[in-house]
2 protein chains.
Amino acid sequence: MSFNSDARGSNRLQNAKNLKQLAEALGLSQTTVSRALNGYPEVKEATRLRVRETARRLNYSPNARAQGLATGRAMAIGHVIPVWSEHEMTNPIFGDFVAGASSCYSKHGYDMVLTRIEVDDEENAYRQLVFSGRIDGIIVQGPRLRDSRISLLKSLGVPFVVHGRSSGIEDNYNWVDVNNKRSFKRATELLLDLGHRRIALLNGLEYLDFALRRRDGYMEALSERGIEPDLELMRSAEMTEHFGHRETRAMLQGTDPPTAVLASSKLSAMGVRRAIEERGLTMGHDVSVVTHDDVISYLADTDDVPVFTATRSSVRDAGRLVAEMLMTIVKKPDVRPRNALLETELVVGQSTGPCLSRRLG
Amino acid sequence: MSFNSDARGSNRLQNAKNLKQLAEALGLSQTTVSRALNGYPEVKEATRLRVRETARRLNYSPNARAQGLATGRAMAIGHVIPVWSEHEMTNPIFGDFVAGASSCYSKHGYDMVLTRIEVDDEENAYRQLVFSGRIDGIIVQGPRLRDSRISLLKSLGVPFVVHGRSSGIEDNYNWVDVNNKRSFKRATELLLDLGHRRIALLNGLEYLDFALRRRDGYMEALSERGIEPDLELMRSAEMTEHFGHRETRAMLQGTDPPTAVLASSKLSAMGVRRAIEERGLTMGHDVSVVTHDDVISYLADTDDVPVFTATRSSVRDAGRLVAEMLMTIVKKPDVRPRNALLETELVVGQSTGPCLSRRLG
DNA sequence: GGTGAAAATCAAACCGCTTTGAATAGGTTT
DNA sequence: AAACCTATTCAAAGCGGTTTGATTTTCACC
């Protein structure tokens with residue numbers, strides 16, 4: 001009788017804050033309970049059910065820190081936000097990239113840890129992040145030319161995937177990238193085919209690898225048609241609306257204005273459009289515009305015929321892909337480096353048309 | 001002699017992967033080393049220096065999981081991204097808000113953990129997040145009307161701060177909010193003072209608390225001047241450029257079009273401007289526009305005289321503030337609820353002017 | 001030189017979980 | 001019935017730190 005009431009007493013326990021309490025409530029050892037919850041085969045099915053049910057009833061949820069300490073797995077992926085003291089702009093694609101990646105993580109039961117790292121002591125910060133055991137893998141964003149992070153992470157032996165590539169690094173490593181060069185070459189060729197000869201390039205910051213590749217594609221297309229690139233028409237900065245507006249306005253005021261503009265982001269392209277219309281010109285008629293489109297959700301172009309002619313590649317999908325690659329590597333670290341090169345889709349919209357001055361020339 | 005070479009041998013050790021190895025290399029106990037590193041007073045200053053120096057030399061960095069397990073502090077703050085299955089849009093302010101918050105965390109040595117939570121089993125997910133021990137506090141974003149998360153987190157006993165407020169909740173809790181009602185009332189009054197009577201409101205999603213408060217402010221300003229709100233002029237959706245464009249175009253095509261538009265975000269306002277100019281009208285002359293401006297870095301308006309008349313309030317600053325509040329609460333949990341109500345700055349730009357039809361009427 | 005308080009160091013317990021190796025129960029085989 | 005599997009369950013030893021309570025040093029003072 002007293003045994004019964006004891007048993008009932010422990011069943012009446014409101015919550016199990018740890019394995020020990022749960023095991024006590026069940027009258028089992030921690031070992032068995034742990035195995036039951038983690039799906040090990042050497043536990044009787046009836047027991048497993050009873051354990052699961054009780055765990056649910058007592059609101060038990062395991063302590064991730066302790067789990068991590070015991071298993072060596074943190075169940076979290078690190079994303080690093082590098083901070084240059086001067087330039088505090090957040091990247092407009094940040095939100096969508098993160099959304100894509102985290103949708104993948106949550107599917108696998110992983111969390112995402114965001115860390116700010118001052119670029120000054122990057123090396124030390126990455127080292128600490130890895131040794132802290134907080135994370136099982138790292139995503140590298142915004143790779144630069146000959147980016148030193150790649151060899152650093154390699155030497156630290158932590159699984160990592162780069163979103164983008166780093167020119168000048170011979171070593172192989174895991175990356176997911178858009179074929180930026182090809183994409184911008186095609187876009188330039190489209191404009192050339194329409195008869196445009198004065199094509200401006202509004203590029204992103206050119207110490208970032210993707211911007212360099214885009215410029216390469218642009219230059220290659222021009223030179224294949226025997227056109228000398230005009231430095232006046234090549235501008236580079238952070239890809240804001242303001243940048244697109246400012247530079248386009250300046251160029252349109254010049255003596256030999258461009259008849260077409262190739263923009264690196266939709267935000268910039270919106271600035272380009274504004275500068276064009278401000279001058280009383282019509283985009284797609286007087287001045288053609290092609291832009292890269294990261295398909296950012298809050299800039300979605302939902303019209304039937306898209307406003308902008310664009311090279312499209314969803315950065316959210318890229319985030320998902322990068323994350324998935326990292327997940328497989330984390331779970332099976334011995335695989336050799338994986339790469340994925342995504343092609344963009346060239347979508348023709350209302351912002352491009354034949355060059356008007358062609359007839360004159 | 002052999003003693004010496006032993007000593008040198010242990011000094012030659014490449015790396016100390018844990019406290020034990022570091023302690024061995026130093027010939028000290030783990031206790032002393034731990035205390036030396038954590039700045040406890042009962043350790044000789046000379047010893048502390050020697051420990052620090054050796055730790056640096058051997059690239060020692062403590063394991064955060066173990067530290068967390070031992071101390072009960074995780075040194076991380078959780079941000080939750082709620083996911084409605086239908087609506088997968090990322091919030092444009094996400095990046096800047098996160099940037100602000102994380103700049104605060106990193107100052108305090110904290111990390112940021114992002115978790116996606118399906119709104120279906122929100123309760124369970126929050127509970128797990130708290131009991132996992134991964135985090136010391138939570139930031140609640142995008143509060144809705146009578147948001148259930150607030151009482152849930154309260155009952156879980158985890159420190160949390162809400163970015164925004166939740167109407168209909170009597171209980172006190174920690175929040176940082178912009179005075180949205182007042183801000184939109186003032187903006188509406190400005191337009192009324194300019195003679196506008198047909199003022200459109202392009203609001204955010206009205207199940208979110210901030211949007212409700214903005215509508216309240218708008219309505220109150222109208223009714224104080226005896227103006228009946230026109231439901232045709234009140235639209236609500238996600239604050240995209242497309243939304244601003246679409247709704248403004250529709251309204252301008254109507255029989256009794258608005259002479260002014262109040263927009264909830266700069267992105268929408270850009271769409272409003274486009275629709276106005278598309279019709280051959282001039283913003284600030286034919287149609288006035290006032291917008292809320294979250295001062296998102298990539299939408300910065302860097303002209304001397306700002307393009308848009310706006311109610312300004314930096315969401316990055318808000319992020320920093322929310323994070324700072326949470327930091328103090330986490331470090332001293334017994335304080336009673338704190339609140340911070342931020343006023344916006346009304347900046348008059350080029351997008352507003354007197355109502356032209358006034359003279360006619 | 002002996003004494004006692006203060007200063008510095010240490011051994012061991014603990015945080016909550018996993019996992020190894022041993023033990024027990026239950027059922028077969030001979 | 002003894003011997004031997006096999007299926008379950010368990011006690012205890014980590015994982016890498018912090019912290020308590022005890023122990024040793026150091027040093028001023030009588």
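Because only heavy atoms are used, hydrogens play no part in the values below, and waters and symmetry mates are left out as well, while side chains stay in. A, B, ... follow the sequence lines: proteins, then strands. Residue 1 opens every chain.
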At under 4.0 Å between heavy atoms, what does [X] touch on the DNA or RNA strands: base, sugar-phosphate, or nothing?
{"X": "F131(A)", "value": "nothing"}
{"X": "E42(A)", "value": "base"}
{"X": "S34(A)", "value": "base"}

Are [X] and [N] close enough that a side-chain N or O sits under 4.0 Å from OP1 or OP2?
{"X": "T32(A)", "N": "dC10(D)", "value": "yes"}
{"X": "Y40(B)", "N": "dT18(D)", "value": "no"}
{"X": "N18(B)", "N": "dG17(D)", "value": "no"}

Tell me which of T47(B) and A70(B) sits closer to the 5' end of DNA chain C, going by the nucleotide each one is nearest to. T47(B)
5'-most by nearest nucleotide on DNA chain C - G27(B) or L19(A): G27(B)
From dT9(D), dT18(C), dT9(C), nucleotide with atom closest to T71(A) side chain: dT18(C)
Regarding the side chain of R35(B), the nearest nucleotide among dG16(D), dC10(D), dT19(D) is dT19(D)
In whole angstrom, what separates [X]'s [atom1] from [N]'s [atom2]?
{"X": "N63(B)", "N": "dG14(D)", "atom1": "CG", "atom2": "P", "value": "18 Å"}
{"X": "Q30(B)", "N": "dC14(C)", "atom1": "CD", "atom2": "P", "value": "16 Å"}
{"X": "Q67(A)", "N": "dT19(C)", "atom1": "CD", "atom2": "C1'", "value": "13 Å"}
{"X": "E45(A)", "N": "dT6(D)", "atom1": "CD", "atom2": "C1'", "value": "17 Å"}
{"X": "L28(A)", "N": "dA7(D)", "atom1": "CG", "atom2": "P", "value": "19 Å"}
{"X": "K44(B)", "N": "dT24(D)", "atom1": "NZ", "atom2": "C1'", "value": "13 Å"}
{"X": "R65(A)", "N": "dC14(C)", "atom1": "CZ", "atom2": "C1'", "value": "14 Å"}
{"X": "N38(B)", "N": "dG16(D)", "atom1": "CG", "atom2": "C1'", "value": "13 Å"}

With a 4.0 Å cut-off on N to O distance, would you call [X] and [Y] a salt bridge?
{"X": "R144(B)", "Y": "E122(B)", "value": "yes"}
{"X": "R57(B)", "Y": "E53(B)", "value": "yes"}
{"X": "R165(B)", "Y": "D177(B)", "value": "yes"}

Between T32(A) and S29(A), is the side-chain hydrogen bond (donor to acceptor under 3.5 Å, both in side chains) condition met? List the steps. CA-CA 5 Å; T32(A) 305; S29(A) 73; 3.2 Å; yes
Does any N or O donor sit under 3.5 Å from an N or O acceptor when you compare the side chain of T31(A) with the base of dA11(D)? yes
Over 60° means perpendicular and under 30° means parallel, so tell me whether H79(A) and Y105(A) are parallel, tilted or perpendicular. perpendicular
